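Per chain, numbering begins at 1; letters A, B, ... match sequence-line order. No hydrogens, no waters, no symmetry mates; every other heavy atom, side chains included, goes into these values. None of the values given here were measured: they were computed from a predicted structure.
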Number of protein chains: 2
Amino acid sequence: MKEGPDIVRIASLIGDPARANILTALMGGKALTASELAAEAGVTLQTASSHLSKLDKGGLLRPRKQGRHKYFSLADDSVAEALEGLMGLAARSGHLRTRTGPKDEALRQARVCYNHLAGAKGVQLLSAMQSRGFIDGEGETLSLTDAGEAFVSDFGVDLPTLQSNRSPLCRECLDWSERRSHLAGSLGRALFTRFEALGWTRCDRNTRVVHFSADGAREFQETFL
Amino acid sequence: MKEGPDIVRIASLIGDPARANILTALMGGKALTASELAAEAGVTLQTASSHLSKLDKGGLLRPRKQGRHKYFSLADDSVAEALEGLMGLAARSGHLRTRTGPKDEALRQARVCYNHLAGAKGVQLLSAMQSRGFIDGEGETLSLTDAGEAFVSDFGVDLPTLQSNRSPLCRECLDWSERRSHLAGSLGRALFTRFEALGWTRCDRNTRVVHFSADGAREFQETFL
DNA sequence: TTCATAGTTCGATCCTAGTCGAAGCATCTA
DNA sequence: TAGATGCTTCGACTAGGATCGAACTATGAA
């Protein structure tokens with residue numbers, strides 16, 4: 001035993017209801033304060049503080065002080081990915097008692113995965129860009145083709161800035177509801193930001209659901225599919 | 001809160017030391033009896049039995065009775081993948097106290113990931129087959145090219161049998177030590193089986209380490225790289 | 001300065017869940 | 001049949017950790 005990395009440390013961190021609620025809330029991508037997370041998790045501020053300190057020590061969170069507020073976000077894209085991975089397992093091995101409610105259906109359609117678009121719409125987006133030759137794929141490290149660069153620049157994405165960044169431009173992220181990949185990485189994030197700026201999508205404040213406006217859905221279809 | 005699948009159920013299952021040891025042991029790919037797993041986890045048979053029943057109810061294991069023995073294996077490739085995902089997180093966010101021992105180094109070099117080859121050697125294998133045009137990649141669903149089919153058949157893999165199976169032929173699996181993908185799926189498994197049959201590799205009985213013989217390492221190099 | 005708000009620390013309580021001994025089934029061997 | 005082995009169930013014990021009230025610190029507002 002005791003081979004490889006210490007998996008227990010992380011799994012037990014995620015395995016507490018309050019902490020799981022905190023992490024799930026942060027999957028929305030927005031940084032949240034300790035008080036907000038306490039409310040989200042359904043515990044008092046004291047207990048939340050204790051949990052947050054543990055998650056932070058465990059390397060799952062990135063805290064930032066701002067005045068008398070303390071904002072928390074996920075430490076890293078890889079944290080979000082691991083969480084989605086667990087959700088995938090939970091969804092498939094889940095007992096039937098988790099009946100699929102209407103809210104759940106909305107989540108499957110379109111939701112935010114940390115900072116990019118996930119769900120059916122997110123999967124469509126990636127597969128369309130691949131089949132149109134904009135993205136060339138080999139594993140997690142997808143790459144943007146020349147045609148793709150022209151396309152996204154034309155769509156209003158500031159490519160040079162993204163490329164100057166160290167983090168990978170295109171990455172895959174496994175979608176727990178669709179069981180296929182959607183587009184992550186800084187491009188995935190930039191596209192999603194652009195959707196919001198154009199008014200195509202609107203993020204639900206409390207859940208991770210992404211609402212497409214009627215126009216937004218149409219334009220999304222025309223532009224990408 | 002309470003959105004999406006019940007992540008806590010699974011994370012708390014993995015988050016217990018004894019259970020994590022059991023799962024890690026099963027990552028070796030071999031089905032093991034309850035007694036063997038008890039020894040592996042360092043607990044008595046009674047406690048192991050309790051843990052095994054929980055893991056089974058949680059959908060993470062596949063038990064098989066055989067006479068008075070009860071063999072357990074991981075329920076699914078996806079379970080192994082999720083575990084590797086957690087290991088990836090643990091490895092990067094791990095505190096420095098997990099010093100990299102010699103055994104750890106061997107694990108990074110080559111190990112068995114459920115039923116296929118992982119570690120540096122596994123990553124080399126996939127990337128070589130991709131660059132030689134044997135595997136064509138788009139996400140988790142990689143595909144074997146015509147040239148690739150000829151190549152692996154020539155190497156001694158019984159392709160028709162594999163293809164008649166429902167499970168995917170080529171899949172990616174993220175490697176926690178290399179942070180790149182290696183080859184999973186039924187082909188990954190078949191290749192690894194072939195390595196063992198040819199005497200290139202030998203599996204350590206107790207750990208997940210894969211030892212290459214001197215000849216094996218040379219032939220592996222010549223054949224694939 | 002004083003007051004209010006955000007967050008942390010401490011201490012006490014309480015409860016879950018892991019653990020193992022002992023007894024009970026089930027299956028194989030002789 | 002009797003005996004041995006593999007596993008499960010039951011019951012009791014215990015430790016660890018989640019929880020919250022109360023007190024404390026830090027920042028901002030008046």
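As a whole-Å value, the separation of B:R68 CZ from C:dT27 P is 11 Å. B:L52 has its CG atom 15 Å from the C1' atom of D:dT9, to the nearest Å.
Of the candidate nucleotides C:dT27, C:dT19, D:dA18, D:dA18 has the atom nearest to the side chain of A:H51. Closest to the side chain of A:S35, from the set C:dA6, C:dT8, C:dG18, is C:dA6. Taking only side-chain atoms of B:A18, from C-beta outward, the nucleotide of D:dT5, D:dT19, C:dT19 with the closest atom is C:dT19. Candidate nucleotides C:dT9, C:dG21, C:dA4 were compared by shortest atom distance to the side chain of B:T44, and C:dG21 ranks first. You'll find that the side chain of A:Q46 is closest to C:dT8, out of C:dT8, D:dC7, C:dC20. Candidate nucleotides D:dA4, D:dA18, C:dC20 were compared by shortest atom distance to the side chain of A:R19, and D:dA18 ranks first. Picking from D:dC7, D:dG21, C:dT19 the nucleotide with the shortest atom distance to the side chain of B:S50 gives C:dT19. Looking at the side chain of B:L45, the nearest of the listed nucleotides D:dA4, D:dC7, C:dT9 is D:dC7.
Proximity of B:T47 to the phosphate of C:dC20: a side-chain N or O atom is located under 4.0 Å from OP1 or OP2. Contact check, A:S49 against C:dT8: a side-chain N or O comes under 4.0 Å of OP1 or OP2. Considering only side-chain N and O atoms, A:K54 lies under 4.0 angstrom from the phosphate OP1 or OP2 of D:dA18. Regarding contacts with the backbone of C:dT8, a side-chain N or O of A:K70 is found under 4.0 angstrom from either OP1 or OP2.
A salt bridge links B:E84 with B:R111: the closest approach of a Lys/Arg side-chain nitrogen to an acidic carboxylate oxygen falls below 4.0 angstrom.
Classification of the B:F212-B:F220 ring pair by plane angle, with boundaries at 30° and 60°, yields perpendicular. Note: A:F155 and A:W200 have tilted aromatic rings, judged against thresholds of 30 and 60 degrees for the angle between ring planes.
Pairing each heavy atom of B:A34 with each of B:A48, the nearest pair is O-CB, 4.4 Å.
Contact annotation for B:T33: backbone-only contact, meaning every heavy-atom pair under 4.0 Å involves sugar-phosphate atoms and none involves a base.
Side-chain polar atoms of B:S50 and B:T47 form no donor-acceptor pair below 3.5 angstrom.
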